Amino acid sequence: MTITDQQPSDDPTEGATPGRVSHTLTGALVGLATAAAALGGAELVAGAARSFASPITQVGNRVIDAAPPWLKTFAIRNFGTNDKPVLIGSVMVLLLVFAIVLGIISRRHLTIASVGAAGFGLIGAAASIVGVGGAASAVPSVVGGVIAVFAIRWLATKAWDQEHAASTTATVPSSKSTTSSTSSDESPIIHKQSGELDPIVATGGSTPTRRAFLAAGSAAVVIGAGAATTGRWLRGRFDAAVDRAKVVLPKAAKPIPELDVASFSVDVDGATPFITSNREFYRVDTALEVPQVAVDDWKLTIKGLVDNELSFTYDELLDRKLVEADITLTCVSNEVGGRLAGTARWLGVPLTELLEEAGVQSDADQIVGRSVDGYTCGFPVDAVDGKRTALLVVGMNGEPLPVNHGFPARLLVAGLYGYVSATKWLSEIELTRFDEFDQYWVPRGWDAKAPIKTFSRIDTPAALGKIPAGEHPIAGVAWAQTRGIERVEVKVDDGPWTEAELKPVPNNETWCQWVIPFDFTAGSHNITCRATDSTGEVQTEERAAPRPNGASGWHSVVTLVT
Ligand SMILES: Nc1nc2c(c(=O)[nH]1)N[C@H]1C(S)=C(S)[C@@H](COP(=O)(O)O)O[C@H]1N2
Ligand SMILES: [Mo]
C-alpha cells in the first residue's frame, strides 16, 4: 500500500487518536470475532465424534440444572415450549457480552483477556464433563478455548497496534490529511481510518492497517459461523433417528385387543383424543438437546442393592417376552386444567421380572432410574408390586420409542407422576434407599414421593370461548391412575352439581372421558367440574400449586353464550 494522493480534510476528527467510542467498537469486534472463531471451532470439532459435546449446549444444560425453581416456572409460563430456544439465546447473549468485555480489556490488559478467553474453554469443558461425563466430551471446549486465546491475541495485536500507530502519527500535523487508497470505492470510514495509518505504512513499517483488522475480524466471524453450521450438520449423522429407523419391534407375547377408541371417546367437537399420537404427546424434560443414544453401544444396567447385577443390550431386551399396556402419563407440573398428559399403548418388559432376576435386597426401598444425560427419577420399591403396570418401555403406539420420548428405553409406572418414575434415555436402574439418594427434582423443592392426584379438566366449551345459546355439551377428561374415576360432576354458575356420563375405560390406569349436555342461556357462564376416584374420595377444592407434589383444585372455565 502506498500513498497515492494528498487530500485536504474537512473532518476535524480525522486522524485524531481514536476516542472512547472507537475503542469500544474496536474492542467489541475483537471480542465478537474471538467468540465466533472459538465457538465455530468448538462446534466443528463437536461434529467429529459422537462422544464430543457442544459447549453451548452443555453450558445451557448446566444453567437449567442450576436454575432456581421460580426461574423455571417463569420460563415455562412465559415461553412455554420455547423455553429452550430462549435459554440458548440468553446463554449466547451473555457469552457475547463477556466476549465484548474481554475484547475491550484486551487493549490494555491482553494477558487478562487471554486468561478470560481460556476460562471460557474451561467452563465449557467443566459443563461437558459434569453433564456428559468422560474427558472426550470436553475436547471441543478445550479446542474452542485454545482458539479463543490465539484469536484474541492475534486480533488484539491487529486492533491495538494500528491504534498505537494512529496515536503516534496523530501528533504529526501533516498526517491528518494523508490518506491512502488502493481502490477508489473504499467506504468513507475505512478511507478516513486508513488515513491515520498511512505515514507508518509509507515509511515502510509493517503495522497492519485498520482495514486489515476489519478484514481479519470479519473473516473470523464468517469462518466461525460456517464452522458452526458445518459442525451441526456433521453431528446430524449421530442422530438416534438413524438407529431408530432400523429397529424392527417385536410383537407383545400376549397382545391385548386393539382399542375400540370410539367406545372410550365422547363424540364431541373439542374433545381430547383417547389415544394421544406420538407426535401430539407432550414432552417435558431438562434436555436442551435430546440425547442421541447409539443403540449398539447402549446397555442397561441394574445394580445397587441387588443380589445379581444385570446388564442388557437393546437386542437382549427385545428378545424378552414383551407386554403391552394402555397407560396415561401425567406431569406433576400441570396447573389446574393443565394439558401435560397423554395416553399411549406402551410396549415393554415388566419391571417385576427384571427385579426378580436381579434379586432386590430387603433394605432397598427406592428404585432409581438414571438417564444417559444424568437425569434421575426415584420411586418406591413397593410400587412394583405386580398390581400396577411398571414397565421398561421400548415401544409407544406401535413404534419404537420416539427419540423425544426416551429412545431406546424408558421407565413408566402407572399412577406415579413422570418426574418420579418415567426416566427417558434410561441407562441404569439402581436399587437404593430414600435416605441415601435424592432424585433430580428433590433438591429443587419437589417431593420424593408423589402419587397422582385426582384431576378433572373441561375441554369444551373452551375457556373464554363463544358458543351459541341452546344445548351444548360440556365434556372433558379426568384421571386418577390406578384408582380409576368413579364419578365426574359438573356445576354451571350457582346450579346444582350434576353427574356427567362417564365413558368406559380399558383399565384404571388411563384417563376417562366424560360429557354432559347443558342448555345455555345468553350471557356469561362459569362451568366447574370435579371428579371422585374409585375409593370414593372427591377431588379437593383446595387450590395448590404444582410444587411440591402436584396442583389441586377444581377446574373452571368461563364461556360466553351469545
Ligand atoms: N431423562 C429424562 N427423563 C425424564 C425427564 C427428564 O427431564 N429427563 N422428565 C420427566 C418428566 S417430569 C415427565 S412428566 C416425563 C415426560 O415424558 P414425555 O416427555 O415422554 O411426555 O418424563 C420424565 N422423564
Ligand atoms: Mo413432569
Side-chain angles (χ1 to χ4, degrees), residues 34-66 87-88 91-92 94-95 98-99 114-152 224 227-228 230-240 242-243 285-301 303-304 309 311 313-314 368-376 403 407-408 423-428 430 437 440:
T34 299
L39 286 176
E43 289 298 319
L44 182 62
V45 172
R50 192 190 272 278
S51 53
F52 290 177
S54 145
I56 282 285
T57 309
Q58 291 309 318
V59 170
N61 277 330
R62 301 295 78 73
V63 171
I64 292 186
D65 290 349
L87 174 83
I88 284 285
V91 169
M92 284 293 283
L94 214 62
L95 189 139
F98 276 115
S114 310
V115 170
F120 275 110
L122 290 182
I123 290 172
S128 304
I129 289 174
V130 168
V132 182
S137 66
V139 167
S141 302
V142 171
V143 172
V146 171
I147 295 177
V149 172
F150 278 99
I152 204 162
T230 312
R232 291 269 150 168
W233 174 76
L234 281 173
R235 250 193 117 62
R237 74 190 191 285
F238 305 129
D239 280 357
V242 178
D243 281 3
D285 53 59
T286 59
L288 263 185
E289 227 170 55
V290 176
Q292 307 291 325
V293 176
V295 159
D296 291 341
D297 304 338
W298 180 85
K299 65 180 180 0
L300 174 73
T301 312
K303 60 174 219 181
E309 189 168 310
S311 177
T313 65
Y314 185 63
V368 167
R370 189 166 282 113
S371 163
V372 298
D373 69 355
Y375 178 88
T376 51
V403 178
F407 180 81
T423 298
K424 306 192 272 188
W425 315 293
L426 187 70
S427 63
E428 208 172 87
E430 185 181 1
F437 182 78
Y440 184 89

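It should be emphasised that the depicted structure is a prediction, and the values quoted were computed from it without experimental measurement. Atoms considered below: every heavy atom in the structure, side chains included; atoms not considered: hydrogens, waters and symmetry mates.
- When all heavy atoms of Trp425 and Val290 are compared, the closest pair comes out as CZ2-CG1, 3.6 Å.
- Listed for the Arg235 side chain is a donor-acceptor partner under 3.5 Å among the backbone atoms of Arg50.
- Judged by distance alone, the side chain of Arg237 and the main-chain N or O of Val242 form no donor-acceptor pair under 3.5 Å.
- Taking CD1 from Ile88 and OG from Ser54, the interatomic distance works out to 7.0 Å, rounded to the nearest 0.5 Å.
- Applying the salt bridge (Lys or Arg N to Asp or Glu O under 4.0 Å) definition to pairs two or more places apart or across chains, those involving residues 38-49 are Glu43-Arg232.
- Scanning both residues, Val142 and Ala125, for their nearest heavy atoms gives CG2-CB, 4.4 Å.
- Residues that satisfy the side-chain contact (heavy atoms from CB on, under 4.5 Å) test with Ala240, not counting sequence neighbours, are Gln292, Val403, Phe407.
- In this structure, Asp373 and Ala287 approach most closely via the heavy-atom pair OD2-CB, 3.8 Å.
- For the pair Leu95/Leu39, a side-chain contact is recorded, criterion being any heavy-atom separation below 4.5 Å from C-beta on.
- Arg62 pairs by the salt bridge (Lys or Arg N to Asp or Glu O under 4.0 Å) definition with Asp65, not counting sequence neighbours.
- For the residue pair Ala53 and Gln58, the shortest heavy atom distance occurs at CB-CG, 3.7 Å.
- Side-chain contact check for Leu234 versus Leu44: some heavy-atom pair is nearer than 4.5 Å.
- Partners of Asp285 under the salt bridge (Lys or Arg N to Asp or Glu O under 4.0 Å) rule, at least two apart in sequence or in another chain, are Lys84, Arg283, Lys424.
- The distance from atom CG of Leu288 to atom CG of Leu87, rounded to the nearest 0.5 Å, is 5.5 Å.
- Partners of Glu428 according to the salt bridge (Lys or Arg N to Asp or Glu O under 4.0 Å) rule, which considers only residues two or more places apart in sequence or in another chain, are Lys303, Arg370.
- Under a cut-off of 6.0 angstrom, the local environment of CZ in Phe437 is crowded, with over 12 non-hydrogen atoms contributed by other residues, nucleotides or ligands.
- A pairwise comparison of heavy atoms in Gly41 and Ala227 identifies N-CB, 4.3 Å as the closest pair.
- Side-chain atoms of Asp243 do not come within 3.5 Å of backbone N or O of Ala294 as any donor-acceptor pair.
- Remark: Phe150 CZ is loosely packed, at most 12 non-hydrogen atoms of other residues, nucleotides or ligands lying under 6.0 Å away.
- Summarising the geometry, atom OG1 belonging to Thr313 is positioned 11.5 Å from atom CG belonging to Asp297; distances are rounded to the nearest 0.5 Å.
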When you look at Glu430 and Thr376, which way does the side-chain contact (heavy atoms from CB on, under 4.5 Å) test go after all the steps? CA-CA 10 Å; Glu430 185 181 1; Thr376 51; over 6 Å; no
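- Note: Tyr314 and Trp298 have perpendicular aromatic rings, judged against thresholds of 30 and 60 degrees for the angle between ring planes.
- Scanning all heavy atoms of the two residues, the minimum distance from Pro408 to Val295 falls at CB-CG2, 4.2 Å.
- Judged as a side chain to side chain donor-acceptor pair (under 3.5 Å), not a single pair has a partner in residues 126-146 (not counting sequence neighbours).
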